[in-house]
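Heavy-atom basis, side chains included; hydrogens, waters and symmetry copies ignored. Fair warning: this is a prediction, and the values are worked out from it, not measured in the lab.
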Amino acid sequence: MSTQNKSDRGELKRILRELGHEELVEVLSERMSGSDLSTLLLEVFRQRTAKRQPSELLRSYKENRFVKPAVVDPLALKQLELDLLRIAQQQAYAPVQLSPVAPLGSCSIVAPADQNKIISALRGTEVVADVTNLLALHIADGLKSGDLSNAPEMLRYCTTHRHVRAQKFPNVPGFLPHFGLYAMVTSGKDNGSYSFEKQAVWEHIAVYREMFRAPFGGAEIEIILNARPGYTDSEGLNSRLIQHIREQAPELVVTVNSEPSDNAYYKGLQFTIKTTINDKVHYIGDGGFVDWTQQLMGSKKERMLISAIGLDRLLLP
């Protein structure tokens, strides 16, 4: 458990002790239905806001790091989003405009994310902290209902979205309480010989190559491959992917990080995108395989590749 989590647990125990209800969390989380809990919390927040004065609201705005405007030029950001979405659409990725909220637990239930790093909300929702999780839910829902199919043709989606994450970041440029991301998700089936994996990885890389060449005056990217556990033959997967990428683009700089890692977020492979713009090096995004649709659909045949790049950092001076 991290130092921050230990501190939070200590604060929670103190609060429950002072209230004289040390089982309150258990009662609310385990003995009440979700709808009953929402009803209770809605009334709590209604009463709390009814007592607040305008001066308190203004003070809250001043002190709350999550509610301040972004520091980037909004017109430049919107133009960049449009440019990236158009490039992706030309390469068969369908743009999707997603909701600002996701179902509660969208990140922490299928991925190793701490719910305390996400802004949980009422009515069974949370503020979007990772748009790829929401795209995975959109895909799984469509596959389950029969409205979508990821075989024989893969599903390809892209989006831009403003994210909020609740963990404390160091007070340095690039670490922001809310920020824009461009993201892609590819969904398909296991067809053997890593055919999905090879095609999906190369397509993501090809899109990013085009993106950085176009809006950023010919900037090139470098790909850093990192082996991750989670595939039966992760070593074989990586060697096939490296070979495939080099066959598609011999001139592309591909660096292989052979250092072992127990990072469990990605399965089999993580790739990092590095670029240099105006003599400034950016480790601007990453991607990899995830098992989210396997969990959501209950099928080991499902395959999914996700990736994303940060947008605000590209526009910061």
Can any side-chain N or O of Thr159 pair as donor or acceptor with the backbone N or O of Val96 at less than 3.5 Å?
-> yes
According to the interplanar angle, ranging from 0 to 90°, do the rings of Phe271 and His204 count as parallel (below 30°), tilted (30 to 60°) or perpendicular (above 60°)?
-> perpendicular
Run the salt bridge (charged side-chain N to carboxylate O under 4.0 Å, His left out) check on Asp36 and Arg31 step by step: do they pass?
-> CA-CA 10 Å; Asp36 285 351; Arg31 302 184 198 174; over 6 Å; no
Return yes if some donor-acceptor pair links the side-chain N/O of Asn257 with the main-chain N/O of Ala227 below 3.5 Å, else return no.
-> no
What are the two closest heavy atoms between Lys189 and Phe196, and how far apart are they?
-> O-CB, 3.7 Å
Cluster check Tyr231, Ile306: I/L/V/M/F/W/Y, side chain < 4.5 angstrom | no
Between Val164 and His178 the two heavy atoms that sit nearest each other are CG2-CB, 3.9 Å
Atom of Ile118, atom of Ala129 and distance for their closest heavy-atom approach | CG1-CB, 3.8 Å
State whether the side chain of Thr49 and the backbone N or O of Phe45 hold a donor-acceptor pair below 3.5 Å, judged by distance alone.
-> yes
Compute whether any side-chain donor of one residue and acceptor of the other, for Tyr208 and Thr275, lie under 3.5 angstrom apart.
-> no
Judged by atom type as modelled, is there a donor-acceptor pair below 3.5 Å linking the side chain of Ser60 to the main-chain atoms of Glu56?
-> no
Return the orientation label for the Tyr157 and His138 ring planes: parallel under 30°, perpendicular over 60°, tilted otherwise.
-> perpendicular
So, Asp114 and Arg165, do they make that salt bridge, N to O below 4.0 Å?
-> no
With distance as the sole test, does Glu81 use its side chain to make a donor-acceptor pair with the main-chain N or O of Thr160 at under 3.5 Å?
-> no
Taking Ser193 for its side chain and Ser195 for its backbone only, find out whether a donor-acceptor pair lies under 3.5 Å.
-> no
Look only at the side chain of Glu126 and the backbone of Ala102, and say whether a donor-acceptor pair between them is shorter than 3.5 Å.
-> no
Do any N or O atoms from the side chain of Asn64 and from the backbone of Phe66 form a donor-acceptor pair under 3.5 angstrom?
-> yes
Qualifying residue for side chain to side chain donor-acceptor pair (under 3.5 Å) with Gln243, from Arg240, Arg246, Glu247 | Glu247
